[in-house]
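The next block holds one structure in the form of structure tokens; read it before the comments.
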Amino acid sequence: MDLRLISYISKQVKRLWKKYDLQHGTAEFEFFPEDNTIFLSIDSINQTNLTVIDDEKLDFLTCIPKEKIYNALAQKIISALSKFDSTDMYEILVGDEYDCPADFRKMLLEDSEEFSEKLLAIEAEL
């Protein structure tokens, strides 16, 4: 695998994180050379982590022109943001980390609003 390409993809991820404020300490980008896959996540101000790409083969980015990688990653983020459901997340996670479910529900609703705003901003750019 071309390490320059991985570096370029990483820079595009960081560009998206910064432009749309999607990195608050728990978002990650990782390349796994042993199986040629990547993992990408974003997070909210409340540090709700959202997986964007989960161990997907890098092929989906290597078969497009380099200048379109940013847009391809942005489309993946749009897809993840559009699927975020605060009620589902609450039902999955309540009790695991939070002593006060009402506070957790409020936090997830805030995250939902934040993610919706970012979704619209990214869609407007593309």
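These values consider heavy atoms only, across backbone and side chains, with no hydrogens, waters or symmetry-generated copies.
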Would you indicate whether the side-chain heavy atoms of Gln23 and Ile42 approach each other to under 4.5 Å? no
Side chain Ser79, main chain Gln75, donor-acceptor under 3.5 Å: no
Is it possible for you to check whether Lys14 lies under 6.0 Å from the centre of the six-membered ring of Phe29, through NZ or CZ, and within 45° of that ring's axis? no
Any side-chain heavy-atom pair from Phe84 and Ser86 closer than 4.5 angstrom? yes
Do Leu58 and Ile9 make a side-chain contact, defined as non-hydrogen atoms from C-beta onward lying under 4.5 Å apart? yes
Check the pair Leu40, Trp17 against side chain to side chain contact (heavy atoms under 4.5 Å, CB included), reporting the backbone distance first and the verdict last. CA-CA 11 Å; Leu40 171 62; Trp17 280 344; 3.9 Å; yes
When every non-hydrogen atom of Ala27 is compared with those of Ser41, the smallest separation belongs to CB-O, 3.3 Å
If you apply the rule side chain to side chain contact (heavy atoms under 4.5 Å, CB included), what do you find for Leu126 with Ile78, and how did you get there? CA-CA 10 Å; Leu126 302 182; Ile78 286 170; 3.7 Å; yes
Qualifying residue for side-chain hydrogen bond (donor to acceptor under 3.5 Å, both in side chains) with Tyr70, from Lys11, Glu125, Arg15: Glu125
Just by distance, no angles: are the side chains of Asp43 and Asn49 close enough, under 3.5 Å, to form a donor-acceptor pair? no
Go through the steps for Leu81 and Tyr20 under the test side chain to side chain contact (heavy atoms under 4.5 Å, CB included), then give the verdict. CA-CA 12 Å; Leu81 289 171; Tyr20 297 106; over 6 Å; no
Using a cut-off of 6.0 Å, state whether more than 12 heavy atoms not belonging to Lys57 lie near its atom NZ. yes
Would you please indicate if the ring centroids of Tyr90 and Phe104 are separated by under 6.0 Å? yes
Keeping Glu113 on the side-chain end and Phe115 on the backbone end, is there a donor-acceptor pair under 3.5 Å? no
When hydrophobic residues are tied together by side-chain contacts of less than 4.5 Å, even through go-betweens, does Leu119 share a cluster with Ile45? no
Does the Thr37 side chain pair with the main chain of Glu56, one donor and one acceptor, at a distance under 3.5 Å? no
Strictly by modelled atom types, are Ser44 and Asn46 linked by a side-chain donor-acceptor pair under 3.5 Å? no
If hydrophobic clusters are built by linking Ile, Leu, Val, Met, Phe, Trp and Tyr wherever their side-chain heavy atoms come under 4.5 Å apart, do Phe31 and Leu61 end up in the same one? yes
Side-chain contact test, heavy atoms from C-beta onward, threshold under 4.5 Å: evaluate it for Leu120 versus Glu117 and give yes or no. no
CD of Gln12 to NZ of Lys66, rounded to nearest 0.5 Å, is 8.5 Å
Could you tell me whether the side chain of Tyr8 reaches within less than 4.5 Å of the side chain of Val13, counting heavy atoms only? no
Can any side-chain N or O of Glu30 pair as donor or acceptor with the backbone N or O of Ile38 at less than 3.5 Å? no
Check for me, please, whether Val52 and Phe39 land in the same ILVMFWY cluster - side-chain distances under 4.5 Å, paths through other members count. no
Given side chain to side chain contact (heavy atoms under 4.5 Å, CB included), test Ile53 with Phe60 step by step and report yes or no. CA-CA 11 Å; Ile53 300 170; Phe60 83 97; 3.7 Å; yes
